[in-house]
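The structure appears right after this line, and notes come after that.
Letters go in sequence order (proteins before strands), and every chain restarts at 1.
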Number of protein chains: 2
Amino acid sequence: MASSSVDTVLGIGPTDRKAELTRERILDAAARAFRDRGYAGARLADIAASIGMKAGSLYYHFDSREALVEAVMVRGLGRAHAALERRLAALTSDTPPLARIEAAIETHLTEVLHDSDSVSASIKLIWQVPADIRDRVLAGHRAYGAIWTRLLREARAAGALRADLDLSVTRMAILGALNWAVDWYKPGGASPRRIARDIAQMVLGGLATR
Amino acid sequence: MASSSVDTVLGIGPTDRKAELTRERILDAAARAFRDRGYAGARLADIAASIGMKAGSLYYHFDSREALVEAVMVRGLGRAHAALERRLAALTSDTPPLARIEAAIETHLTEVLHDSDSVSASIKLIWQVPADIRDRVLAGHRAYGAIWTRLLREARAAGALRADLDLSVTRMAILGALNWAVDWYKPGGASPRRIARDIAQMVLGGLATR
DNA sequence: CCATTTTTCTAACAAGAATTAGATTATAGC
DNA sequence: GCTATAATCTAATTCTTGTTAGAAAAATGG
């Protein structure tokens, strides 16, 4: 039976069962596989093999292939959301609106390119996955998008953003520029930080000389 | 046998065989299916059914599922390339560099959102498709990207673009902002032209007030 | 109309991969 | 060490889907 019954009963901290650990390993492996080979292209046997297990064993931890991919996506979304909120919360209250947006851009890109396979997986898989999963995950996507909407709205209200552009188009364009990097980014080239800087400069200041 | 042997011998104009027509219909249906459901998610039976055919019949026109998807992607890429070159060629020689970029943005987006399912398919499938297909199609992608690189380089050389940003990052950010629209665009909302205008404004002029 | 060719369908086959049940091994508490 | 439970494996099963061969239908040209 489980030890540390205090933690589990209170629901705080991770259970010390080995299962909880392997569950994490499975999610990590699945995130990489699904992201790299697409939803239908990633085989359970490969995912299991990449962490020294057999395909059948995965079913001890997840009910089905679909449950696995949904868990990966939910996890990725949660991480992105948490990282962004953490970063914004760390800014001092006198941080100007444009600097907040820049921080959000850098945080998003860092998370996607560097920190979490499940974040990029949740982005790339959203249109590959069965409709019922997509619908549930999209709810989370909207919650994440709402943070960006708020950022943009506040900036505009403060007079820092031009007022003639559709805010939702703007938001999607920014996220598109960032998310697309998942596909072309190669560890050898420009660093995530540099990419984030350049995109932020383009988005906020524009490419044209003044 | 075929009539119009002159045309076919000379390789000009479409053959008048019915097969050529259905081949087009198959490509259209496949483009939609692959784009909407991903490479491995789209079934031949569905593609065939969507144009009133049976799965087996597709093999009269294409050697395999892979040959079909490659044909879709090659076609989409060719259309995007042709549309962009046509548009740029139509500009007068005194068109300023920034206006050229704006025209390219609008052309790309219009093609992706409105004119051709195969264009969006070729974009979305590139990382889902088997490696050998990807390699061949990527050559075409590079040729298309080269047009953009040229546009940006010329604009910078003319002093119209700020010189402190990585041009390849810039190019990918622009294309990312545009391509992402495939995923969120809904016919009900902002028009492709309006979206193109807003993105061009953001990319060139920036979101910040001056 | 007939003969030939083109195009599509039917029905079975084959291969791959998810899933499951039961056996087997590891782990934790006593 | 022993026992109960947790965790993993083995091997068979089922399901899905691409593929194919041959029959049927449609079109074409005379």
Report yes if at least one side-chain N or O of [X] is closer than 4.0 Å to OP1 or OP2 of [N]; otherwise report no.
X: A:His61; N: D:dT8; result: yes
X: A:Ser57; N: D:dC9; result: yes
X: A:Tyr60; N: D:dA7; result: yes

| query | Is there side-chain contact between A:Lys124 and A:Phe34, with at least one heavy-atom pair below 4.5 Å? | reply |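 Side-chain contact under 4.5 Å: no.
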Between [atom2] of [N] and [atom1] of [X], the distance in whole Å:
X: A:Leu58; N: D:dC9; atom1: CG; atom2: C1'; answer: 12 Å
X: B:Ile26; N: D:dG18; atom1: CD1; atom2: C1'; answer: 15 Å
X: B:Glu20; N: C:dT6; atom1: CD; atom2: C1'; answer: 14 Å
X: A:Met53; N: C:dA26; atom1: CE; atom2: C1'; answer: 13 Å
X: A:Leu21; N: D:dA6; atom1: CG; atom2: P; answer: 17 Å
X: B:Ile47; N: D:dT17; atom1: CD1; atom2: P; answer: 12 Å

Over 12 non-hydrogen atoms of neighbours within 6.0 angstrom of CZ in A:Arg153 =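 No, the 6.0 Å shell around CZ holds no more than 12 heavy atoms from other groups.
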ask   = Is the closest side-chain donor-acceptor distance between A:Ser118 and A:Arg75 under 3.5 Å?
value =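 Per modelled atom types, A:Ser118 and A:Arg75 side chains form no pair under 3.5 Å.
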Taking atom types as modelled, is there a side-chain donor on B:Ser50 or B:Arg32 under 3.5 Å from an acceptor on the other?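 There is no such pair between these side chains.
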| request: Answer with base, sugar-phosphate or nothing: what part of the nucleic acid does B:Gly41 contact at a heavy-atom distance below 4.0 Å? | output: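 No contact at all - B:Gly41 keeps every heavy atom at 4.0 Å or more from the nucleic acid.
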Subject >> Cation-pi geometry met for A:Arg65 and A:Tyr39 (6.0 Å, 45°) >> reply: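 A:Arg65 over A:Tyr39 ring: yes.
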In terms of side-chain heavy atoms of [X], which of [options] is nearest?
X: B:Tyr59; options: C:dT6, C:dA18, D:dT20; value: D:dT20
X: B:Lys54; options: C:dT10, D:dT8, D:dT19; value: C:dT10
X: B:Ala55; options: D:dT19, D:dA6, C:dT8; value: D:dT19

Take A:Leu178 and A:Ile195, measure what side chain to side chain contact (heavy atoms under 4.5 Å, CB included) needs, and give me the verdict at the end. CA-CA 9 Å; A:Leu178 297 175; A:Ile195 296 173; over 6 Å; no
Detail all sub-3.5 Å separations between protein N/O atoms and N/O atoms belonging to nucleotides 15-17 of chain C.
| unit_1 | atom_1 | unit_2 | atom_2 | d |
| --- | --- | --- | --- | --- |
| C:dA17 | OP1 | A:Arg43 | NE | 3.3 |
| C:dA17 | OP1 | A:Arg43 | NH1 | 2.3 |

* How about B:His114 and B:Tyr185: are their ring centres within less than 6.0 Å of each other? ->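 Between B:Tyr185 and B:His114, which both carry aromatic rings, the centre distance is not below 6.0 Å.
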